[in-house]
Amino acid sequence: MGHRVGKTIFTGCVRQSAVRSLIKSDTPATANGHQYQGAAQTRSPTHTTLNQQHTTHVRNLSTKHFIMSVHVKARCKFYPRTKDSVERCPVPDDKVPWNVDFLEYAPVDFTSESVLKQPVWADLPDPSGITFNCIDKSCKVNRRTYEPQGEYEVIDGYPRNPRGRTGLTGRGSLGRWGPNHAADPIVTRWKRDENDEVVVGDDGKPILQFVAVQRRDCGEWALPGGMVDPEEERTATLIREFGEEALNSLEATDEGKIKIKETLTHFFKDGLKIYKGYVDDPRNTDNAWMETKAMNFHDDDGTGVGAFNLHAGDDAADVKWKDIDSGLELYASHIDFIRDTAKERNAHWEKCHV
Ligand code: RP5
């Protein structure tokens with residue numbers, strides 16, 4: 001979390017943008033309530049072919065990727081950390097997909113000042129020199145999407161959010177035009193009692209616990225993930241972020257740092273892939289959005305990382321092992337990754353309501 005964008009100060013410029021061609025819709029409405037399938041029907045034969053290819057491709061994926069849910073947190077009323085001074089244009093659920101006409105759509109344009117200052121993790125304000133949907137040769141930034149359709153649209157030089165309208169154009173507090181890639185470690189162990197017996201839930205299934213951090217920027221509990229640097233191996237991102245946020249490696253002794261790195265390198269060697277794709281992050285805009293790969297690393301007997309002393313550091317205000325159940329409230333779409341992890345591990349999930 002936040003070694004990059006988490007530290008931004010949101011004092012950037014805001015202007016009500018004209019409704020430009022970026023937000024024009026030239027395709028018929030196909031939205032079906034709260035869920036829709038990625039690239040929907042279009043009028044032109046070319047688009048129809050693309051859509052058929054997309055549908056075939058999506059059918060080959062697991063069901064959890066088949067239906068693309070409409071983003072909700074990416075439409076939050078006020079843009080995060082703007083002291084409620086930046087308000088998104090409201091987008092009703094049925095107007096989220098780009099292929100649904102929404103002629104009154106007037107998104108606010110906002111890019112935070114810290115992004116406009118051009119730090120190393122941010123693109124130039126003008127995206128016209130960027131080649132999207134590939135690895136950018138000039139700066140090695142991966143501009144490909146993790147989404148199953150394989151490519152996102154670029155309209156008049158601006159990349160377009162593959163999950164639809166957000167009520168805001170520009171980059172907000174995200175550095176990259178288009179996808180901003182993160183990696184999320186889901187570190188789990190079984191909950192045990194004082195006799196070291198695994199605790200089961202009311203459905204008879206064992207209770208899983210995961211390492212959660214409390215984000216300093218918004219106070220919400222989250223996975224200890226972070227941004228992937230250009231050309232960085234995902235495992236390196238996981239080790240760095242988990243070490244800094246959950247084990248406070250930044251303040252460890254040199255010897256401690258080496259030990260943490262060794263242990264995590266070993267522990268993060270084999271993980272279970274849980275999710276790869278778009279994140280419903282409150283920082284998303286029509287032209288910049290979060291994507292992640294979430295991996296589960298499980299300490300079955302609780303003697304490895306499961307026995308570590310957690311110590312919040314860097315952008316984490318707090319860290320703890322949290323019991324997994326359906327009552328959790330987490331940052332962005334992290335709850336979806338946690339639910340899928342519980343399912344994969346055949347662990348307790350449904351919270352019993354009395
Ligand atoms: C989320 O933002 C990702 O899932 C990841 O957890 C996080 C990365 O951003 P920072 O924590 O670095 O701000 O969308």
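Counting starts at 1 for both ligands and their atoms, in listed order. The structure presented is a predicted model; accordingly, all values stated were derived computationally and were not measured.
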(message) Between Arg143 and Asp123, does any NZ, NE, NH1 or NH2 come within less than 4.0 Å of an OD or OE carboxylate oxygen?
(response) yes
(message) Can you tell me if Ala222 contacts ligand 1 (heavy atom of the residue under 4.0 Å from the ligand)?
(response) no
(message) Both conditions, 6.0 Å and 45 degrees, for the charged tip of Arg189 above the ring of Trp321: are they met here?
(response) yes
(message) With a heavy-atom distance limit of 4.0 Å, tell me whether Glu241 approaches ligand 1 through its side chain, its backbone, both, or neither.
(response) neither
(request) Answer yes or no: does an N/O atom from Arg215 fall short of 3.5 Å to an N/O atom of ligand 1? (result) yes
(message) Using heavy-atom distances only, which candidate in Arg283, Met227, His334 approaches atom 2 (O) of ligand 1 most closely?
(response) Arg283
(request) Examine Arg215 relative to Tyr331 and say whether NZ or CZ is less than 6.0 Å from the centre of the six-membered ring and inside a 45° cone about the ring axis. (result) yes
(request) Number the atoms of ligand 1 from 1 as they appear, then name those within less than 4.0 Å of a heavy atom of Met290, with their elements. (result) 2 (O), 8 (C), 14 (O)
(message) Applying the side chain to side chain contact (heavy atoms under 4.5 Å, CB included) criterion to Ser173, which one of Pro80, Ser114, Ser112 satisfies it?
(response) Ser112
(message) Please identify which of these residues, Tyr152, Tyr278, Trp98, Trp289, meets the side chain to side chain donor-acceptor pair (under 3.5 Å) condition with Asn161.
(response) Tyr278
(message) Could you tell me, atom by atom, which parts of ligand 1 come under 4.0 Å of a heavy atom of Asp281?
(response) 1 (C), 2 (O), 14 (O)
